[in-house]
Amino acid sequence: GQQLNQSPQSMFIQEGEDVSMNCTSSSIFNTWLWYKQDPGEGPVLLIALYKAGELTSNGRLTAQFGITRKDSFLNISASIPSDVGIYFCAGQVHPGGGADGLTFGKGTHLIIQP
Amino acid sequence: GAGVSQSPSNKVTEKGKDVELRCDPISGHTALYWYRQSLGQGLEFLIYFQGNSAPDKSGLPSDRFSAERTGGSVSTLTIQRTQQEDSAVYLCASSLGDPQETQYFGPGTRLLVL
């Protein structure tokens, strides 16, 4: 099946630093999504990307849908303590234009050191 | 408004027993998805429903897993003859059903098979 390679696996940063993480795939996705998961909770959608080359921002978060449709990155600027958590990329193919399940990366653990 | 709810929140069972996990989607959401998250891993897509119909059941890990949805609302995921490798968090999500509609996740059911 399809797989997403997400990196880095974990990040230890200082508060105020910028963060960058990315996902790559060997196959094409037609939608790229970035989720954040806090302990004991389900993932929450941060940014959705629907067009190759699209660059979208949501506050301090910026994400891009790679032009080849095989990669995406997420940047977080000026990190704050509540940014701590696990970030997942996810892709959808939409065969035939219909709904389908998400393929997830294995996550990036973001840890902010005081 | 009410989000996706799942029950039970935690389940401990003995190997060989059957378990039933329940998902209540957001009211009006026609699409419902089940995922499995093993410790330290990303989410693995299992099955989705459009209304009461599941077009593709190939994501279910084995024939011990089954899912149904009645009345276009509540869904149950049943695992028969549980094995220790079934231990994971089982997450449910729902969406309005359009391919680009956001999937909203519930908090999950944490299953431990002893």
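Residue numbers begin at 1 in each chain, while the letters A, B, ... track the order of the sequences.
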- By side chain to side chain contact (heavy atoms under 4.5 Å, CB included) - contacts of B:F45 (at least two apart):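 With neighbours one apart ignored, the set is B:Y33, B:Y35, B:Y48.
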- Task: Indicate the ring-plane relationship of A:F104 and A:F88, choosing parallel, tilted or perpendicular according to the 30° and 60° boundaries.
- Result: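 Rings of A:F104 and A:F88: perpendicular, as their planes differ by over 60°.
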- Exercise: identify the closest heavy-atom pair between A:Q14 and A:S79: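 Closest heavy-atom pair between A:Q14 and A:S79: O-OG, 3.4 Å.
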- Item | Contacting region of B:Q37 [heavy-atom separation from chain A under 4.5 Å] |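 The answer is the side chain of B:Q37.
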- Item | chain A contact via B:L91 - which portion, at a heavy-atom distance below 4.5 Å |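 Only the side chain of B:L91 comes within 4.5 Å of chain A.
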- Query: Crowded around B:E85 CD? As in, over 12 foreign heavy atoms under 6.0 Å?
  - Reply: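 Result for CD/B:E85: enclosed.
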- Under 4.5 Å from any heavy atom of chain B - which part of A:Q6: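 Contact with chain B involves no heavy atom of A:Q6 at all.
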- A:L45 versus chain B, heavy atoms under 4.5 Å apart: side chain, backbone, both or neither?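 When you check distances to chain B, only side chain atoms of A:L45 fall under 4.5 Å.
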- Message: Among A:C89, A:G40, A:A90, which residue has the highest count of heavy-atom pairs closer than 4.5 Å to chain B?
- Response: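 With the most close heavy-atom pairs to chain B, the winner is A:G40.
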- Scan side-chain atoms only and decide if A:Q92 and A:T103 contain a donor-acceptor pair under the 3.5 Å cut-off.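 Side chains of A:Q92 and A:T103: no pair found under 3.5 Å.
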